[in-house]
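What follows is a short report on a single structure.
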2 protein chains.
Amino acid sequence: MDKSKKIHPREDAIDRLVEAWGQLASIFGFNRSTGRVSALLLVSDEALSLSAIAERLQISRGNASMCLKELRRWGVVRRIAEPGDRQDYYVGGEDLWRQMIEIARERKRREFDPAAHDALEALEELEGEPAANRLATHLGTLDQIASQLFANDDALVSLIGLLQSGFGNKGVQS
Amino acid sequence: MDKSKKIHPREDAIDRLVEAWGQLASIFGFNRSTGRVSALLLVSDEALSLSAIAERLQISRGNASMCLKELRRWGVVRRIAEPGDRQDYYVGGEDLWRQMIEIARERKRREFDPAAHDALEALEELEGEPAANRLATHLGTLDQIASQLFANDDALVSLIGLLQSGFGNKGVQS
DNA sequence: ACAATCTTTCAGAACATACTGAAACTTCGG
DNA sequence: CCGAAGTTTCAGTATGTTCTGAAAGATTGT
């Protein structure tokens, strides 16, 4: 009856994954609960209902509903209607690389670009001042790099390949 | 007397830069005030005193002190003692690329690595479950890529050059 | 050693974010 | 068209973060 007394290795492992993934999600600007819901769906071989998720994570249905909405908005969770069942079911984990790239691209578009644009605009009016010029050049280059990175999906996919194969490590050890 | 009535183009531009840079900083996990202080130092051709910063940004000296402490901790601001002056002065903007890389590396080390490690550990205990395996592979690759990226400073510097020159854009336009 | 000047710290206030639970809404079978 | 089952929304509450201002701590000139 009391969960903390009995030992459930699998459930424990899932709890720890859920917590760690929530942590990771919060680094990338999601709230921890949203990350936790995502984790649960990612390690689940079957689709889960809202109620099952809320129960497993010990959060209210309302909260679970909001988290799922957010995750669907980011395109990382899909809702499924099972015929003959009133509950909706949710799945995650489809095409993880594509999803990561999409999230990064979208965050850049929504958050980075406007602020960088404002900053560059303000810096233009400070032209002539050495410090301002340095900063403008730096930020301009950064912006350009970020844009290159997301200009097309292939760029990122190739880049991932490049990095995996050990780009930049001149002296290969052992 | 009333600042908002008189027009100060330069001061306005700095205000807008400060605000935008605060926004950018918050994307990367700093608080807005810390970002604002950093902006002020970045566009300033001379070193500024704590009092000057607090006054210019309309924040308490206490807060300014904390922000400067944080910025020094991240190695993006340096404190200078002017001989014959009791106040300390602060400068920023020295070697921006190096600083960016250092910040990214440190954030990875402090925030990403521990969470990713926990997640992978938990996933190991779920071996055999298809969804868990997929996630483990994905996260493992991601971790490996991130490590490659920061394995040595040259990797990132070369990468920046590569991206600036338009890596990944097969059809070069115009 | 004292006083003046500046900086740091930190308790509590102000502000911001996230969560709950209940009401409103939707869907579907009968 | 009604009632049952499920989902969404949102006002209020709880939790977490950031800021202020005052007290304590440094440092320096006399």
Side-chain angles (χ1 to χ4, degrees), chain A residues 18-19 21-41 47-74 77-92 107 110-111, chain B residues 18-19 21-41 47-74 77-92 107 110-111:
Chain A
V18 158
E19 227 30 61
W21 196 258
Q23 209 63 47
L24 284 171
S26 83
I27 294 174
F28 297 101
F30 296 91
N31 77 36
R32 299 237 300 297
S33 291
T34 304
R36 286 193 270 251
V37 171
S38 143
L40 198 55
L41 290 170
L48 299 177
S49 68
L50 188 152
S51 309
I53 293 166
E55 222 170 283
R56 183 67 184 77
L57 298 179
Q58 314 236 71
I59 62 179
S60 70
R61 283 144 192 274
N63 190 10
S65 174
M66 288 310 227
C67 291
L68 287 166
K69 184 184 175 186
E70 175 83 352
L71 290 168
R72 268 184 302 137
R73 213 174 56 95
W74 283 98
V77 158
R78 194 162 52 88
R79 173 157 46 181
I80 294 170
E82 292 281 353
D85 187 344
R86 286 194 162 185
Q87 286 182 93
D88 289 338
Y89 290 84
Y90 300 87
V91 285
R107 279 216 183 283
R110 285 195 214 169
E111 292 159 30
Chain B
V18 158
E19 230 22 68
W21 196 259
Q23 209 61 47
L24 284 170
S26 84
I27 294 174
F28 297 101
F30 296 92
N31 78 35
R32 297 240 300 298
S33 291
T34 304
R36 286 194 271 252
V37 170
S38 141
L40 198 55
L41 290 171
L48 300 177
S49 69
L50 188 151
S51 309
I53 292 165
E55 223 171 280
R56 182 68 184 78
L57 297 180
Q58 313 236 73
I59 62 179
S60 70
R61 282 145 193 274
N63 191 9
S65 174
M66 288 310 228
C67 290
L68 286 166
K69 184 184 175 185
E70 175 83 352
L71 290 169
R72 268 183 304 137
R73 212 173 57 94
W74 284 98
V77 158
R78 193 162 53 88
R79 171 157 50 177
I80 294 171
E82 291 281 353
D85 187 343
R86 285 192 163 186
Q87 287 182 91
D88 289 339
Y89 290 83
Y90 300 87
V91 286
R107 279 217 183 282
R110 285 195 215 169
E111 292 158 31

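Order of the sequence lines fixes the chain letters, A, B, ..., with proteins taken first and strands second; residue numbering starts at 1 for each chain. Note that these values count all heavy atoms, side chains included, but never hydrogens, waters or copies made by symmetry. Here the structure is a predicted model, which is why all the values come from computation and not from measurement.
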Quiz item: When you check the phosphate oxygens OP1 and OP2 of D:dC19, does a side-chain N or O of B:N31 lie under 4.0 Å from one of them?
Solution: yes
Quiz item: Is there a side-chain contact between A:N63 and A:V37 (heavy atoms, below 4.5 Å)?
Solution: no
Exercise. Taking side chain to side chain donor-acceptor pair (under 3.5 Å) as the test, write out the residues that go with A:R72, two or more places apart.
Key: none
Exercise. Would you mind reading off the bend of the helix from C:dA1-D:dT30 to C:dG30-D:dC1 from its two end axes, five pairs each, to 10 degrees?
Key: 10°
Residues 25-33 of chain A side chain polar contacts: donor-acceptor under 3.5 Å, at least two apart:
from: A:S26; atom 1: OG; to: A:Q23; atom 2: O; distance (Å): 2.9
from: A:N31; atom 1: OD1; to: A:S33; atom 2: N; distance (Å): 3.1
from: A:N31; atom 1: OD1; to: A:T34; atom 2: N; distance (Å): 2.9
from: A:N31; atom 1: OD1; to: A:T34; atom 2: OG1; distance (Å): 2.9

Quiz item: Considering only heavy atoms, which members of residues 32-40 of chain A lie under 4.0 Å from some atom of DNA chain D?
Solution: none
Practice problem: Write down the distance between CZ (B:F30) and C1' (D:dT17), rounded to a whole number of angstrom. | Solution: 16 Å
Quiz item: If you take all heavy atoms of B:L41 and B:G92, which pair is closest and at what distance?
Solution: CB-N, 4.0 Å
Self-check item: Heavy-atom side-chain contact between B:L50 and B:Q87 under 4.5 Å
Solution: no
Practice problem: Report the distance from atom CD of B:Q23 to atom C1' of C:dA16, rounded to the nearest whole Å. | Solution: 14 Å
Quiz item: Among all residues two or more places apart in sequence or in another chain, which pass the salt bridge (Lys or Arg N to Asp or Glu O under 4.0 Å) test with A:R107?
Solution: A:E111
Exercise. Produce a footprint string for nucleotides 5-16 of chain D: one letter per nucleotide, 5' end first; B if the base is under 4.0 Å from any protein heavy atom, S if only the sugar-phosphate is, - if neither.
Key: BSSBBB------
Quiz item: Whole-Å distance between C:dC6 P and B:E82 CD?
Solution: 14 Å
Self-check item: Nucleotide C:dT7, atom P - distance to CD of B:E70 in whole Å
Solution: 19 Å
